[in-house]
Amino acid sequence: MDKAVLADRLGAPSGFGQSQFALTRGNAFEAKVKADGGAELLRLVHSRLDPGAEPPAGAALPDLSAHGPEGRTARTALALREAVEAGGWTLLDHPMLALDVAGSLAFLEPDAVVVHPDGSWTVVEIKSFPMLDGSADPAKVGAAARQAAVYVLALEDVAARLDPAPRVRHRVLLVCPRDFSNLPTASAVDVRKQRAVTARQLARLTRVEEIADALPEGTCFAPDRPAEELTAAVEAVPAAYAPECLSACELAFHCRERSRADGAVTRLGRPLRAELGGLTTVEDVLAAARGESGDPDDPAVAALRRAAALRAEALARAAGREVAPACR
């Protein structure tokens, strides 16, 4: 489903996504990197990842156009097979890959995939944030590495269907503007750790069929349904909102309102939720702090009561200081 459209229909539109300026700047930089048949991009791949191979002169640029994501995925797999058989350098511009996520296919579109003369495959990520003196913002590099690790997993699924299976390199190429210019530079990023973490997370995900079986009969999230029906359908699914959702999910504003209405402490952050143990609502926390409920031997309850006592003491002292001058 289109979560952005669904959020609009629920009356909680999200501002999630890049600004138009950032998208335009990123597209312009990517076009510059891939200009002249990807000559500069291939030069960076050669120099950073495979300097021992022959220089990438006259690389193949297969046409990956096809009807629909399934057609593009099949065309990408065929182009990768042909590139391995032909040898030499091949640049796949915006290939389409598919990855099984909890029983449902997710279609992925890397910026580029390069096939080396030895038949191995490399994922290329092109970002518009700068590399200053050869290094970039660690948080942004980490996010790019996690994104590339998903592409690596999807490529490994394609490689596994070939005989012999080509090697998918676990060092991806991150291409960014150099310093404050628009000139491209690149760095090799090892994504083995991110790949392993992502693979474990995918293996632990609840299957789509199991989620569907837990929903009421006839539940439907189609945006063209009446608003009341959509609201009831979405509320049939528990909302595990946390502040991080605001940067990753189009339904974050809707789930935040539900979390506030329920008084859930997760809206204050997962670390705080973990500290509070069995106290899952704000009302439970306040009652425990006032001594109205909760096990006194529970470390969370004891800490809350101690904090409430210290707060009351501080307020009493502050009130005393305010009253004393008037009395004199």
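Values in this document were obtained by computation on a predicted structure and should not be read as measured data.
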Between [Y] and [X], is there a salt bridge with N-O shorter than 4.0 Å?
X: Asp118; Y: Arg169; answer: yes
X: Glu125; Y: Lys127; answer: yes
X: Arg195; Y: Glu156; answer: yes
X: Arg207; Y: Asp100; answer: yes
X: Glu109; Y: Arg72; answer: yes

Heavy-atom side-chain contact between [X] and [Y] under 4.5 Å:
X: His94; Y: Lys34; value: yes
X: Val124; Y: Pro110; value: no
X: Asp8; Y: Leu6; value: no
X: Val45; Y: Trp89; value: yes
X: Thr73; Y: Leu105; value: no
X: Asp50; Y: Pro117; value: yes
X: Leu80; Y: Leu155; value: yes
X: Leu304; Y: Val285; value: yes

Between [X] and [Y], what is the shortest heavy-atom contact and its length?
X: Arg305; Y: Ala288; answer: NE-O, 2.9 Å
X: Ala139; Y: Asp137; answer: N-OD1, 2.9 Å
X: Pro95; Y: Ala112; answer: CD-CA, 4.2 Å

Before you tell me yes or no, could you show the steps for Leu97 and Phe107 under side chain to side chain contact (heavy atoms under 4.5 Å, CB included), namely the whole-Å CA-CA distance, both residues' side-chain angles and the distance that decides it to 0.1 Å?
CA-CA 6 Å; Leu97 306 172; Phe107 293 100; over 6 Å; no
Could you check, using the six-membered ring where one of them is a Trp, whether Trp121 and His116 have ring centers closer than 6.0 angstrom?
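So the answer is no for these two rings.
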Hey, mind stepping through Asp179 and Ser181 against side chain to side chain donor-acceptor pair (under 3.5 Å) and telling me if it holds?
CA-CA 6 Å; Asp179 299 326; Ser181 70; over 6 Å; no
With side chain to side chain contact (heavy atoms under 4.5 Å, CB included) as the criterion, how do Leu246 and Tyr241 come out once you've worked through the C-alpha distance, each side chain's angles and the decisive distance to 0.1 Å?
CA-CA 9 Å; Leu246 290 172; Tyr241 171 80; 3.6 Å; yes
Please tabulate, for the side chains in residues 227-238, all donor-acceptor contacts under 3.5 angstrom to protein atoms that are two or more places apart in sequence or on a different chain.
from, atom 1, to, atom 2, distance (Å)
Glu229, OE2, Arg225, NH1, 2.7
Thr231, OG1, Ala227, O, 2.9

Run the numbers on Thr281 and Asp284 for side chain to side chain donor-acceptor pair (under 3.5 Å), then give the verdict.
CA-CA 5 Å; Thr281 67; Asp284 290 341; 3.0 Å; yes
State whether the side chain of Arg204 and the backbone N or O of Gln201 hold a donor-acceptor pair below 3.5 Å, judged by distance alone.
no
Residue pair Leu64, Met96: steps toward the side chain to side chain contact (heavy atoms under 4.5 Å, CB included) verdict
CA-CA 8 Å; Leu64 302 179; Met96 182 67 74; over 6 Å; no
Are Tyr151 and Val189 connected in a single hydrophobic cluster, I mean Ile/Leu/Val/Met/Phe/Trp/Tyr linked by side-chain heavy atoms less than 4.5 Å apart?
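Yes, Val189 connects to Tyr151 through the hydrophobic network.
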Could you go step by step and tell me if Leu92 and Arg75 meet the side chain to side chain contact (heavy atoms under 4.5 Å, CB included) rule?
CA-CA 11 Å; Leu92 279 69; Arg75 182 68 189 90; over 6 Å; no
